[in-house]
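Every value quoted in this text rests on a predicted model; they were computed, and no experiment measured them. This chain uses plain numbering: 1 for the first residue, then up along the sequence. Because only heavy atoms are used, hydrogens play no part in the values below, and waters and symmetry mates are left out as well, while side chains stay in. Whatever order the structure lists them in is the order used to number ligands and atoms, beginning at 1.
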Amino acid sequence: MAKIKGHPQEEMLAQYGERMLLALEWLATFGADPEGGVTRLLYAEPWLKAQLALIDNMQSMGLKADFDEIGNVYGKLQGSNPSLKPMLTGSHIDTVKNGGKYDGAYGVIASMMALGYLKAVYGAPKRTLEMVSFCEEEGSRFPLAYWGSGHVTGVLSLAEGAGLADPEGVTLLEAMERAGFDIDQGQLHPAKRDDIGGYIEIHIEQGAVLEFKEKQIGVVTAIVGQIRMTVVVTGIPNHAGTTPMTMRKDALAAAAEMVALTEKMALAEGEPLVATVGRLEVKRGTSNVVPGEVEFTLDIRHTDKRKIEDFRAELISRFVEIAVRRELYIDTVEHLNALPVAMDSGISAEIEAACDFYGYEHIRMPSGAGHDAQLFGPICPSAMIFVPSRAGISHNPKEFTKPDDLIVGFQTLVHVLYQYGYG
Ligand code: HGY
Ligand code: MN
Ligand code: MN
Ligand code: MN
């Protein structure tokens, strides 16, 4: 196990590190899928039970813990100097469908245990330290991502999100109310927090750079921008037996051409641009009916905003050409347009200093995954700590990070929070 040194209570830090590992396994039981992996969708029962359990846990550690109005959970270690703006650390509690047990969860658990350790060993800090378990980041249930951090940073309001429906037709507002978050109309606009002194998020890398370069910590320089949208292709449903091939308005054949073109154009553009069709649905699909309507998602990312917009414009114009040639209709809806965001060099330097304090190997690197930190970047100094992902696998039950690497990240986070809280 990683040698722990530097803090007066090395044994205590080791204990909290072990508790952090156990708590990660505990959190993974909320929404554990029978075939492996974890599914915790916004406002669903596993999600609610996990958030309530985190509140319980933090209250038993002596932290002030509760929900905000939409279901984000905060844990607070109150500082003695109110003139110092709080440092916020955390990540998201929701997951993709059948995802791994570290994406988001590691940042939530490591932050919770870090505040618990600092309180137990050092008592009240000068600067308030807060942890947050954001209610939703992935966009797995509703066509809406970063709902938790978007609310806190004033980027997303209920007015925009309330009517969005999940695949079962349940709206965000209905799901909120069923989970017990009764938002009165007056709260349709979020209470954007402007009191945050800085935001730090520890997260698994979800890529293979750290493993390949044999480094323990990634200090994130920037987070990619991303556009997420839905494309709907409409043709004419018809009989599979009596409709000649030359007379079809086949929405799926057209969509298949568009999906193949997306990959071809992304390969031609080259790294770091990535474009993904993650979900495709044949509406009322039946084996003996020529598909009349198909809906698919697009996720386009790059570190340069201009490149994303230019790629999207070119891709959609090519989609229109396909639709016109096949005499079909095409509609597009944009759900997310997150800017690429640079991380704060000051906090990043503190992270590197913490690594040097312990002798941990670290590198600076961009993030190809989106994170809540990119919503905070525009409103306060924000930084991210990465730990390695085995074979870079994520959004997959096989997502894994070695316990030693989780401990190294945890210690680095504790050290940085100590500097900001007590330094
Ligand atoms: O999709 C992402 O980049 C993140 O994991 N939500
Ligand atoms: Mn994540
Ligand atoms: Mn994710
Ligand atoms: Mn160094």
Examine His92 and say whether one of its N/O/S atoms is closer to the Mn ion (ligand 2) than 2.8 Å. yes
Using 30° and 60° as the class boundaries, would you call the ring planes of Tyr418 and Tyr122 parallel, tilted or perpendicular? tilted
Between Glu399 and Arg390, is there a side-chain N and carboxylate O pair less than 4.0 Å apart? no
Going by the closest heavy atom to atom 5 (O) of ligand 1, which one wins out of Gln226, His203, His395? His395
Any N/O pair Arg301/ligand 1 closer than 3.5 Å: yes
Ala369: numbered ligand 1 atoms lying under 4.0 Å from its heavy atoms: 3 (O)
Mark the output for Gln206 as yes if a heavy-atom distance to ligand 1 is under 4.0 Å, and as no if none is. yes
Between Arg364 and Glu352 (salt bridge meaning N to carboxylate O under 4.0 Å), is one present in this structure? yes
Does Glu136 have a non-hydrogen atom less than 4.0 Å from ligand 1? no
Ligand 1 to Gly370, heavy atom cutoff 4.0 Å, flagged ligand atoms 2 (C), 3 (O), 4 (C)
side-chain hydrogen bond (donor to acceptor under 3.5 Å, both in side chains) for Gln206 and Ser389? Distances and angles first, verdict last. CA-CA 6 Å; Gln206 300 178 294; Ser389 292; over 6 Å; no
Ring centroids only, cut at 6.0 angstrom: are Phe376 and Phe134 within range, meaning strictly under it? yes
Ignoring hydrogens and geometry beyond distance, is a side-chain donor-acceptor pair present between Gln419 and His415 at under 3.5 Å? yes
Once rounded to 10°, what is the value of the angle centred on the Mn ion (ligand 3) between His395 NE2 and Glu138 OE1? 90°
Is there a side-chain contact between Ile202 and Met384 (heavy atoms, below 4.5 Å)? no
Nearest to the Mn ion (ligand 3), which N, O or S atom of Asp103 do we find? OD2
